[in-house]
Amino acid sequence: MCSDVRVRFAPSPTGYLHIGGARTAIYNWLFARHTGGKFILRIEDTDRNRFVPDALQDIMASLRWLGIDWDEGPEAGGDYGSYFQSERLELYQKYAEELIREGKAYRCYCTSERLEQLRKEQEAAKGWVGYDRHCLNLTEQELQAGKESGVKSVIRFKIPRENRTVFRDLIRGELGFENSTLDDFVLLKSDGFPTYHLANVIDDHFMKISHVMRGDEWIPSTPRHVLLYQAFGWELPQYAHLPIFLAPGGGKLSKRHGATSVREYREKGYLPGALFNFLLLLGWNPGDDRELFTLQAAAEEFSMERINASPVALSFEKLDWFNGLYIRSLGPEELAGYCLPYLQQAGLLVDPCPEERFRYLVQVMPLVRERLKSIPEIVNLADFFFLEEIPAPQKALLIPKKMDLNQSLQALEGSVDVLRAVSSEFKETDLEEALRSLAAKLGLQDGQVFMPLRVAISGRTATPGIFETLHALGKERVLRRIQNAVEVLRQ
Ligand code: GLU
């Protein structure tokens, strides 16, 4: 399938990829994949003051981690590059000059002090705030004087104040703005760099962008962009502004509500599929109650009609729920791959991990998978599998409710005897038989044998199934741990 759809994700490298940005990227990518169009990554790096050196690497790594690839852009190339705005300065300068020649823009020599003073006065007068067109009609001599004054000029767009600007948004319908509310914004800054507005419009035009899908915080900028398209005589792209994210329960989302960058979620051990799915449903729905989508399935289903305009409140419980679901869908090998770095960090496995230890990790995975809500939990849930010795369990834990010291001792000492007799393979069926008959012989319920045993071998009251756990630990470690527990009880 081939189509004229060309969409872009145009982040500014001013920080790590925000989850809102990631959602924008995902929707653009899905739309491109759905329509057989192209998805372009463009780096809007014209604000030198806010530039963060490792942001670009983070953005690309985070997109790739989520499964988002780009057809054109950094490291992908393409016919419409450069895909870095900082490498396209001449183009912006040329078109800004063209607007001057056509009387649609003008050079402004106002100093920052003057502009500051103006703003103060306007704010004090509680009226319209914006540039007062002081430099709109400079004569040749005044322009020359400006040039010689040493003050660096900017180029401002001349807003046709009398009109109203209307555009259609695919999600919100028609949106209209009075031009009189807009001021003559800067197109080209004094350092020769374009502002966001100019570069964004020129690039969308020359990169043949068909649909501009972005966060709705950009709606106020859109009339400026529409006016620029009109000034250049270029065809408008279609606009679709995505609903804003709210904090859980409503209100503005900020750092204090939790992680805001993709990287943080990744570091917290969330799986890419879970974060993808979570973000997918923040603003889009499939029209029924299905919630679980692979990237491919989402691409097949995706349509702009199903994006809603109203703000979406984040629910981190939902993300955890997705994450649990994705963890349980992983095979042991894959899950082991995700868990490994956390176990290494905790010192439970060495780095690099020898093959035979990794196999052991894979063997443990099916035992813990059901109880794992997030990957880092593996450390607390499964540390006793990787430790040679565990700290001596507390006496109180070794004597479960409704049991006494003597019964616990009987259960554990009896276990040592019967387990010693089980062959060293420690097959689960053999273990089960041995322990159940021990319980019967002692006149205890099965659980009354299993519970002290569980605490003895793991140090905790909740573990995966007792026979699988015993099997995974192996005969030697099990006998040693039970004997240690017996000593605790005898103290
Ligand atoms: N550079 C803008 C940003 O950082 C792009 C906005 C747009 O998509 O037009 O989000």
Side-chain angles (χ1 to χ4, degrees), residues 5-32 37-60 62-63 68 70 72-74 80 82-89 92 157 165 167 169-172 175 177 185-187 189 193-229 232 234 236-245 253 260-262 279 282-283 304 307:
V5 166
R6 289 177 58 82
V7 287
R8 80 324 190 255
F9 175 53
S12 302
T14 54
Y16 297 147
L17 181 62
H18 189 275
I19 50 172
R23 196 249 338 236
T24 300
I26 288 172
Y27 282 19
N28 276 287
W29 181 86
L30 288 170
F31 187 60
K38 292 274 186 278
F39 174 65
I40 291 131
L41 177 62
R42 181 174 76 221
I43 306 303
E44 303 209 323
D45 56 349
T46 58
D47 192 343
R48 305 318 279 175
N49 298 324
R50 294 178 59 219
F51 184 78
V52 173
D54 60 343
L56 172 66
Q57 286 313 320
D58 175 81
I59 291 167
M60 294 199 295
S62 295
L63 289 175
I68 303 299
W70 47 99
E72 295 172 27
Y80 301 89
S82 163
Y83 296 91
F84 289 88
Q85 290 190 326
S86 59
E87 294 173 2
R88 299 165 67 83
L89 300 185
Y92 311 128
F157 186 59
T165 298
F167 62 91
D169 183 282
L170 291 172
I171 297 167
R172 280 148 218 275
L175 297 174
F177 292 79
F185 60 93
V186 174
L187 296 171
K189 295 178 273 188
F193 275 74
T195 54
Y196 155 70
H197 304 298
L198 180 68
N200 191 268
V201 164
I202 289 185
D203 286 350
D204 282 346
H205 172 71
F206 284 107
M207 294 181 182
K208 296 197 163 49
I209 299 304
S210 60
H211 297 73
V212 169
M213 212 189 303
R214 61 185 170 199
D216 62 6
E217 67 274 24
W218 299 102
I219 290 180
S221 296
T222 309
R224 295 184 176 86
H225 299 179
V226 172
L227 288 169
L228 274 173
Y229 278 100
F232 286 124
W234 295 338
L236 276 186
Q238 308 237 45
Y239 287 104
H241 288 95
L242 305 174
I244 195 166
F245 285 176
L253 179 67
T260 51
S261 70
V262 171
L279 293 173
L282 289 174
M304 288 229 204
I307 299 175

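A quick note: this is a predicted structure, and the numbers were derived from the prediction, not measured. Atoms within a ligand are numbered from 1 in the order they appear, just like the ligands themselves.
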Worksheet item: Tell me, which protein residue and heavy-atom name are nearest atom 5 (C) of ligand 1, and how many Å apart are they?
Response: A10 O, 3.2 Å
Discussion item. Is the distance from the ring center of H211 to that of F31 below 6.0 Å?
Written reply: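 Distance test on ring centres: under 6.0 Å, yes.
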Worksheet item: Only one of R172, E217, R214 clears side chain to side chain donor-acceptor pair (under 3.5 Å) with H241; which?
Response: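 Going through the options one by one, the only one that passes is R214.
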Worksheet entry | Side-chain donor-acceptor contact under 3.5 Å, E44 with Y196 |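 E44 vs Y196: no donor-acceptor pair found between side chains.
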Fill in: Side-chain H-bond candidate by donor/acceptor type, D203 with Y92, under 3.5 Å
yes
Fill in: Heavy-atom gap M213 to ligand 1 smaller than 4.0 Å
no
Worksheet item: Does F9 have a heavy atom less than 4.0 Å from any atom of ligand 1?
Response: no
Taking only heavy atoms of [X] into account, list the atoms of ligand 1 that are under 4.0 Å away from them.
{"X": "N200", "value": "7 (C), 9 (O)"}
{"X": "E44", "value": "1 (N), 2 (C), 5 (C)"}
{"X": "W218", "value": "2 (C), 3 (C), 6 (C), 10 (O)"}

Practice prompt. Ignoring angles and geometry beyond distance, decide whether V212 reaches within less than 3.5 Å of ligand 1 through its nitrogen or oxygen atoms.
Written response: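 Min N/O separation from ligand 1 is not below 3.5 Å for V212.
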Practice prompt. Report yes if some heavy atom in the side chain of L56 is under 4.5 Å from a heavy atom in the side chain of M60; otherwise report no.
Written response: yes
